[in-house]
Amino acid sequence: MTRPSSELAERLAALRRSLPPGTALLAVSKGQPAALVRQAVAAGQRSFGESRLQEAAAKQAELADLEPLDWHFIGRLQANKARGVLRHFGTIHSVDSLGLARRLARIAAEEGLSPAVLFQVKLRADPAKTGFAPAELRACWPELAALEPLRAVGLMTIAPLGLEPAERLALFQDCATLAAELGVTQLSMGMSGDWREAAAAGSTWVRIGTALFGSRQPSA
Ligand SMILES: *Cc1c(COP(=O)(O)O)cnc(C)c1O
């Protein structure tokens with residue numbers, strides 16, 4: 001189901017009005033047709049998040065007539081997709097291991113690319129999610145921060161399901177504290193259900209899909 005474009009434009013405008021000045025909107029277009037991305041671009045949105053390489057590459061090809069957009073990879077990144085992800089995305093939010101970071105750095109150097117990367121951190125036990133534990137991230141940080149040509153710009157986190165708003169706020173604040181300790185400024189925190197707490201904790205990228213575009217097509 002495609003929503004009328006005026007409704008999408010209104011949702012975008014309402015979200016932008018609700019976000020504090022330092023918080024940018026990453027429109028998560030996974031599971032949505034290229035036509036909706038086109039409508040969002042017409043309404044002034046330029047940064048889009050995708051989780052699957054093949055789907056994103058097809059959408060980017062469909063939208064090749066537009067000015068270049070700002071594509072962010074936010075999904076679980078399999079090692080064998082690293083080169084493709086580097087070619088199709090300027091920012092990667094989901095770097096969840098030292099091994100993956102090393103691989104991305106090696107391939108980015110071969111490709112002549114210097115992507116912005118955010119390291120995914122797991123601040124509460126959550127069997128459904130990957131990510132660095134804070135202690136592990138601190139231990140790896142000297143190497144991660146120096147892995148040229150990657151640009152280590154920030155941290156990303158996903159709150160586990162079932163937390164109370166106050167618990168989510170505390171989790172996002174913990175992520176902000178860790179980023180400050182490590183000396184990085186970008187914080188990718190908050191989705192459709194919890195962006196308010198994330199924004200309150202200083203998120204610089206809220207990743208919003210369904211609250212903007214409506215329900216997704218099931219993944220292929
Ligand atoms: C799908 C996804 C989102 C968007 O989720 P919504 O609940 O639809 O806003 C945000 N972040 C990540 C990592 C995702 O995979």
Side-chain angles (χ1 to χ4, degrees), residues 8 11-32 36-37 40-41 43-52 56 59-60 68-77 85-86 88-96 100-101 104 114-123 129-132 134 137 144-145 150-160 168-213 216:
L8 177 59
R11 281 164 186 266
L12 266 170
L15 263 170
R16 290 214 195 85
R17 276 196 303 274
S18 311
L19 294 174
T23 308
L25 173 63
L26 184 66
V28 176
S29 49
K30 70 179 186 200
Q32 308 289 355
L36 272 187
V37 175
V41 172
Q45 180 66 25
R46 305 215 63 80
S47 298
F48 294 90
E50 290 277 344
S51 298
R52 298 174 209 98
K59 228 173 276 183
Q60 289 172 355
L69 299 173
D70 175 34
W71 292 100
H72 295 229
F73 189 80
I74 62 171
R76 192 168 290 189
L77 206 173
V85 165
L86 285 164
H88 287 272
F89 294 87
T91 305
I92 305 174
H93 288 228
S94 42
V95 180
D96 61 1
L100 176 61
L104 287 169
S114 55
V117 300
L118 292 85
F119 297 98
Q120 185 169 349
V121 54
K122 188 157 93 164
L123 293 148
K129 296 295 170 211
T130 63
F132 290 89
L137 186 63
L144 289 174
L150 304 186
R151 293 179 291 122
V153 297
L155 303 183
M156 182 270 239
T157 198
I158 303 174
R168 294 200 296 251
L169 178 64
L171 180 153
F172 293 137
Q173 286 168 337
D174 288 350
C175 192
T177 302
L178 183 58
E181 177 192 323
L182 300 174
V184 287
T185 54
Q186 293 197 30
L187 285 166
S188 170
M189 316 192 293
M191 308 171 36
S192 289
D194 59 11
W195 62 265
R196 287 177 183 79
E197 293 85 45
S203 176
T204 63
W205 286 110
V206 287
R207 309 176 307 266
I208 300 185
T210 48
L212 188 59
F213 294 116
R216 281 184 276 275

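The residues of the chain are indexed from 1 along the displayed sequence.
- Between the side chains of Thr23 and Ser203, no donor-acceptor pair of N or O atoms lies under 3.5 Å.
- A side-chain donor-acceptor contact under 3.5 Å links Lys122 to the backbone of Lys129.
- Inter-residue side-chain proximity for Leu15 and Trp195 is flagged as met; some heavy-atom pair is nearer than 4.5 Å.
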>> With side chain to side chain contact (heavy atoms under 4.5 Å, CB included) as the criterion, how do Val206 and Leu26 come out once you've worked through the C-alpha distance, each side chain's angles and the decisive distance to 0.1 Å?
In response: CA-CA 6 Å; Val206 287; Leu26 184 66; over 6 Å; no
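- Between Ala200 and Leu169, the closest heavy-atom pair is CB-CD1, 4.0 Å.
- A distance of 12.5 Å separates CG of Leu36 from CD of Gln45, quoted to the nearest 0.5 Å.
- Exactly one of Lys59, Arg207, Arg216 qualifies for a salt bridge (charged side-chain N to carboxylate O under 4.0 Å, His left out) with Glu50. That residue is Lys59.
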>> Run the side chain to side chain contact (heavy atoms under 4.5 Å, CB included) test on Leu104 and Leu86 for me, step by step, so that the C-alpha distance in whole Å, both residues' side-chain angles and the decisive distance to 0.1 Å come before the verdict.
In response: CA-CA 8 Å; Leu104 287 169; Leu86 285 164; 3.9 Å; yes
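- Classified by interplanar angle (parallel below 30°, tilted 30° to 60°, perpendicular above 60°), the ring pair Phe48/Trp71 is tilted.
- In this structure, the separation between CG on Leu182 and CG on Leu144 is 9.0 Å, given to the nearest 0.5 Å.
- In this structure, the side chain of Ser18 engages the main chain of Ala14 through a donor-acceptor pair within 3.5 Å.
- Between atom CZ of residue Phe73 and atom NE2 of residue His93 there is a gap of 11.0 Å, rounded to the nearest 0.5 Å.
- Between Ala159 and Leu171 the shortest heavy-atom distance is CA-CD1, 4.2 Å.
- In terms of heavy-atom proximity, Ala101 sits nearest to Leu150 at O-CD1, 3.5 Å.
- Test Asp96, Asp174, Leu178 against Val121 for side-chain contact (heavy atoms from CB on, under 4.5 Å) and you get one pass: Leu178.
- Annotation: side chain of Met189 is not in contact with side chain of Ile158 (no heavy-atom distance under 4.5 Å).
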> Can you list the steps and then say if Ile208 with Phe213 is a side chain to side chain contact (heavy atoms under 4.5 Å, CB included)?
Replying inline: CA-CA 9 Å; Ile208 300 185; Phe213 294 116; over 6 Å; no
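- Side chain of Gln173 to backbone of Gly202: no donor-acceptor contact under 3.5 angstrom is found.
- In this structure, Val117 and Arg151 have side chains that are not in contact, with every pair of non-hydrogen atoms separated by 4.5 Å or more.
- Using a 4.5 Å heavy-atom threshold, the side chains of Val28 and Thr210 count as separate.
- A donor-acceptor pair under 3.5 Å links the side-chain atoms of Ser192 to the main chain of Ala211, judged by distance alone.
- A donor-acceptor pair under 3.5 Å links the side-chain atoms of Ser94 to the main chain of Gly75, judged by distance alone.
- For the atom pair CZ of Arg168 and CD of Glu197, the computed distance is 4.0 Å after rounding to the nearest 0.5 Å.
- Side chains of Leu69 and Val37 form a contact here, defined as non-hydrogen atoms less than 4.5 Å apart.
- Residues Leu123 and Pro134 are in side-chain contact: their nearest non-hydrogen atoms beyond the backbone lie under 4.5 Å apart.
- Side-chain contact between Thr157 and Ser188 is absent, with no heavy-atom pair separated by less than 4.5 Å.
- Across all their heavy atoms, Leu8 and Leu212 have their closest contact at CD1-O, 3.5 Å.
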>> Apply side chain to side chain donor-acceptor pair (under 3.5 Å) to residues His88 and Gln60 and explain how you reach the verdict.
In response: CA-CA 8 Å; His88 287 272; Gln60 289 172 355; 2.8 Å; yes
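- When every heavy atom of Trp205 is checked against every heavy atom of Ser47, the shortest pair comes out as CH2-OG, 3.7 Å.
- A heavy-atom distance below 4.5 Å is not found between the side chains of Val95 and Leu118.
- Nearest heavy-atom pair across Val184 and Ala152 is CG1-O, 3.5 Å.
- Thr204 OG1 to Leu19 CG: the interatomic distance, rounded to the nearest 0.5 Å, is 11.5 Å.
- For the atom pair CG of Leu77 and CD of Gln120, the computed distance is 10.5 Å after rounding to the nearest 0.5 Å.
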